[in-house]
Amino acid sequence: VGYTLNDLIGRLKATLPTGYTWKDYINGADLHIDHIIPISAHTYKSYCDDEFKRCWSLKNLQLLPAVENMSKGNKLFKHFQRSLRF
């Protein structure tokens, strides 16, 4: 996906919700890794597909409290443009 584990950790730490710490996440606090644009909005067949890379890109990942993430489900809160294939 074009990033390292350290890149992922840095991104997730940058998105920690107020009141939580990185240690809370590591210790299994009620935090989920959330896809800002849900997985269901992406169409891919393989990890090699560009759409897979967009789905799992750092800018599409954030930490959210589990309750908030589960209530969000696969809803989109901002419009986005899918890539078009010709």
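What you see is a predicted model, and the numbers here were worked out from it, not measured in a lab.
- When side chains are defined from C-beta on, I39 counts as touching C55, because their heavy atoms get closer than 4.5 Å.
- For the pair L8 and L58, the tightest heavy-atom approach, listed with the atom from each and the gap, is CA-CD2, 3.7 Å.
- Contacts classified as side-chain hydrogen bond (donor to acceptor under 3.5 Å, both in side chains) and involving residues 7-16 (residues at least two apart or in different chains) are given here: T4-D7.
- Looking at N60, its side chain never comes within 3.5 Å of a backbone N or O of S57 through a donor-acceptor pair.
- Across all their heavy atoms, L63 and P17 have their closest contact at O-CG, 3.7 Å.
- The two atoms that bring W22 and L16 nearest to each other are N-CD1, 3.4 Å, heavy atoms only.
- Judged by distance alone, the side chain of N69 and the main-chain N or O of P65 form no donor-acceptor pair under 3.5 Å.
- Ring centers of H42 and W56: at least 6.0 Å apart, outside the cut-off.
- The two residues H32 and A66 come nearest to each other via the heavy atoms NE2-CB, 3.4 Å.
- In this structure, I33 and Y25 approach most closely via the heavy-atom pair CD1-OH, 3.2 Å.
- Taking CG of L61 as the start and CG of D34 as the end, the distance is 8.5 Å to the nearest 0.5 Å.
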Verdict with supporting geometry, D24 and T21, side-chain contact (heavy atoms from CB on, under 4.5 Å):
CA-CA 5 Å; D24 291 330; T21 67; 3.3 Å; yes

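- Distance check, rounded to the nearest 0.5 Å: CZ of R54 to NZ of K59 gives 9.0 Å.
- In the hydrophobic clustering of this structure, L5 groups with L12; members are Ile, Leu, Val, Met, Phe, Trp, Tyr whose side-chain heavy atoms approach within less than 4.5 Å, directly or through other members.
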From CA spacing to verdict: side-chain contact (heavy atoms from CB on, under 4.5 Å), S46, F52
CA-CA 7 Å; S46 146; F52 178 90; over 6 Å; no

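- At a threshold of 4.5 Å between side-chain heavy atoms, the hydrophobic network of Ile, Leu, Val, Met, Phe, Trp and Tyr places Y44 and Y47 in one connected group.
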